[in-house]
Amino acid sequence: MIEIERKFLVVSDAFIAQAKAKHVIAQGYLNSDPERTVRIRISGESGFLTIKGKGNQTGTTRFEWETEISLLEAKPLLDLCEKGVIQKTRYEVTVGKNTFEVDVFSGENEGLVLAEIELNHENETFEKPDWLGLEVTNDTRYYNASLSQHPYKNWK
């Protein structure tokens, strides 16, 4: 139940041609406290309840527990979420032996494109594609819970 993840800005749309899957996602937060977030996500015809703990000093590692729930459960829970439901399209892109999840945000966070990669350990090396930009793993502004409260469109 430990997530080890790194997050990057994306500098081009070249990843789209390499994507093996694409999902439209809506997610909201029942609790967006940085110490522990409780998230509801709808992706396609599936719902998910996720609890995440606070990240370590590098922002790379944290507790994560997730379970699938039905759409009948997820839809009313999403309606109960705090203001600022995240809308995004996720592309799954395999690069070398790893899969990047590239999120193209819409709505209040339109213009933001982030790539995440889950690793087996913090110092694991991986192939970096040309479309991968600046690492923002430890920048809490790019956490989805933060984006729900402080949308990207208001940063400028």
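These numbers come from a predicted model, not from an experiment. Positions are given from 1, in the same order as the sequence printed here.
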*Asks:* Just wondering, do Thr58 and Thr137 contact through their side chains at under 4.5 Å, heavy atoms?
*Replies:* no

*Asks:* Counting distance only, does the side-chain N/O of Ser148 pair as donor-acceptor with the main-chain N or O of Ala145 below 3.5 Å?
*Replies:*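 Side chain of Ser148 to backbone of Ala145: a pair is present.
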
*Asks:* Do you reckon Leu71 sits in the same ILVMFWY cluster as Leu80, going by side-chain contacts under 4.5 Å, direct or chained?
*Replies:*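 In one cluster with Leu71: Leu80, yes.
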
*Asks:* Please assess His23 against Tyr91 for the test side chain to side chain contact (heavy atoms under 4.5 Å, CB included), listing each intermediate value before the final yes or no.
*Replies:* CA-CA 7 Å; His23 313 279; Tyr91 295 83; over 6 Å; no

*Asks:* Measure the CD1-CZ distance between Ile51 and Arg36 for me, rounded to the nearest 0.5 Å.
*Replies:*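 Spacing of CD1 (Ile51) from CZ (Arg36) equals 10.5 Å.
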
*Asks:* Output yes when a side-chain donor or acceptor of Gln149 lies under 3.5 Å from a complementary backbone atom of Ser146, and no otherwise.
*Replies:*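 No, the answer is negative, given that no donor and acceptor are paired below the 3.5 Å cut-off.
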
*Asks:* Do Asn109 side-chain atoms and Leu112 backbone N/O form a donor-acceptor pair below 3.5 Å?
*Replies:*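 Pair absent, no side-chain N/O of Asn109 close to backbone of Leu112.
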
*Asks:* Can you check side chain to side chain contact (heavy atoms under 4.5 Å, CB included) on Leu30 and Thr37, steps first, answer last?
*Replies:* CA-CA 8 Å; Leu30 293 167; Thr37 59; over 6 Å; no

*Asks:* How long is the straight-line distance from NZ of Lys75 back to CD1 of Ile69, given to the nearest 0.5 Å?
*Replies:* 12.0 Å

*Asks:* Compare all side-chain heavy atoms of Ile117 with those of Leu132 and state whether any distance is below 4.5 angstrom.
*Replies:* no

*Asks:* Return the CG to NZ distance between Asn98 and Lys128, rounded to the nearest 0.5 Å.
*Replies:*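 Nearest 0.5 Å value for the CG-NZ distance: 11.5 Å.
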
*Asks:* Tell me whether Phe100 is reachable from Val113 by hopping between hydrophobic residues (I, L, V, M, F, W, Y) whose side-chain heavy atoms are closer than 4.5 Å.
*Replies:*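 As far as the 4.5 Å side-chain criterion goes, Phe100 and Val113 are connected within one cluster.
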
*Asks:* Does Leu78 reach the side chain of Ile42, with side-chain heavy atoms less than 4.5 Å apart?
*Replies:*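 A side-chain contact exists here, since the closest heavy-atom pair is under 4.5 Å.
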
*Asks:* Yes or no on salt bridge (charged side-chain N to carboxylate O under 4.0 Å, His left out) for Glu66 and Arg39, after CA distance, side-chain angles and deciding distance?
*Replies:* CA-CA 9 Å; Glu66 182 171 81; Arg39 176 183 77 199; 3.1 Å; yes

*Asks:* Between the side chains of Glu92 and Thr99, does any donor sit under 3.5 Å from an acceptor?
*Replies:* no

*Asks:* For the ring pair Phe105 and Tyr152, is the centre-to-centre distance below 6.0 Å?
*Replies:* no

*Asks:* Quick check on side chain to side chain contact (heavy atoms under 4.5 Å, CB included): which of Met1, Glu5, Glu3 does Glu64 satisfy it with?
*Replies:*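 Going through Met1, Glu5, Glu3 one by one, the side chain to side chain contact (heavy atoms under 4.5 Å, CB included) with Glu64 is satisfied by Glu3 alone.
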
*Asks:* Any chance CG of Asp79 has more than 12 other-residue heavy atoms, nucleotides or ligands included, within less than 6.0 Å?
*Replies:*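 More than 12 within 6.0 Å, yes.
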
*Asks:* Are Val93 and Val11 connected into the same hydrophobic cluster when the rule is that any two of I, L, V, M, F, W, Y join if their side-chain heavy atoms are below 4.5 Å apart?
*Replies:* no

*Asks:* Regarding Thr61 and Glu122, is there a side-chain donor-to-acceptor distance under 3.5 Å anywhere?
*Replies:* yes

*Asks:* Do the side chains of Val85 and Leu147 join up, straight or via other hydrophobic residues, at under 4.5 Å, putting them in one cluster?
*Replies:*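 Different hydrophobic clusters.
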
*Asks:* Check whether the ring centres of Trp155 and Tyr142 lie less than 6.0 Å apart, and answer yes or no.
*Replies:*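 Centroid separation for Trp155 and Tyr142: below 6.0 Å.
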
*Asks:* Tell me whether Ile40 shares a hydrophobic cluster with Trp65, the cluster being built from Ile, Leu, Val, Met, Phe, Trp, Tyr side chains joined at under 4.5 Å.
*Replies:* yes

*Asks:* Do Ile25 and Ile86 have side chains that get closer than 4.5 Å, going by heavy atoms?
*Replies:*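 No, their side chains stay 4.5 Å or more apart.
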
*Asks:* Whether Arg62 engages the ring of Tyr143 as a cation-pi pair (distance to the six-membered ring centre under 6.0 angstrom, angle to the ring normal within 45°) should be assessed.
*Replies:*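 Yes, a cation-pi geometry.
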
*Asks:* Is a salt bridge present between Glu110 and Lys153, judged by a nitrogen-to-oxygen distance below 4.0 Å?
*Replies:*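 So Glu110 does not pair with Lys153 through a salt bridge.
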
*Asks:* Do Asn120 side-chain atoms and Glu124 backbone N/O form a donor-acceptor pair below 3.5 Å?
*Replies:* no

*Asks:* Assess whether side chain to side chain contact (heavy atoms under 4.5 Å, CB included) is satisfied between Asp13 and Ile16, documenting all intermediate values.
*Replies:* CA-CA 6 Å; Asp13 64 359; Ile16 293 173; 3.9 Å; yes

*Asks:* Hey, are the side chains of Lys88 and Gln27 touching, using non-hydrogen atoms and a 4.5 Å cut-off?
*Replies:* yes

*Asks:* Okay, side chain of Ser43, backbone of Ser46: is any donor-acceptor separation there less than 3.5 Å?
*Replies:* no

*Asks:* Looking just at side-chain N and O atoms, do Ser32 and Glu82 make a donor-acceptor pair shorter than 3.5 Å?
*Replies:* yes

*Asks:* Can you tell me how far CD1 of Ile4 sits from CG of Asn56, rounded to the nearest 0.5 angstrom?
*Replies:*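 If I round to the nearest 0.5 Å, the distance is 9.0 Å.
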
*Asks:* Can the ring centroids of Phe8 and Trp131 be said to lie less than 6.0 angstrom from one another?
*Replies:* no

*Asks:* What closest approach, in Å, do Gln87 and Ala26 show between heavy atoms, and which atom pair accounts for it?
*Replies:*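 Reported closest heavy-atom pair: OE1-CB, 3.8 Å.
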
*Asks:* Check step by step if side chain to side chain contact (heavy atoms under 4.5 Å, CB included) holds for Val104 and Phe15.
*Replies:* CA-CA 11 Å; Val104 178; Phe15 66 90; 3.7 Å; yes

*Asks:* Looking at Lys7 and Glu135, does any basic side-chain N land under 4.0 Å from a carboxylate oxygen?
*Replies:*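 No, no charged N to carboxylate O under 4.0 Å.
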
*Asks:* State, with a plain yes or no, whether a side-chain heavy atom of Leu119 is found less than 4.5 Å away from one of Phe126.
*Replies:* yes

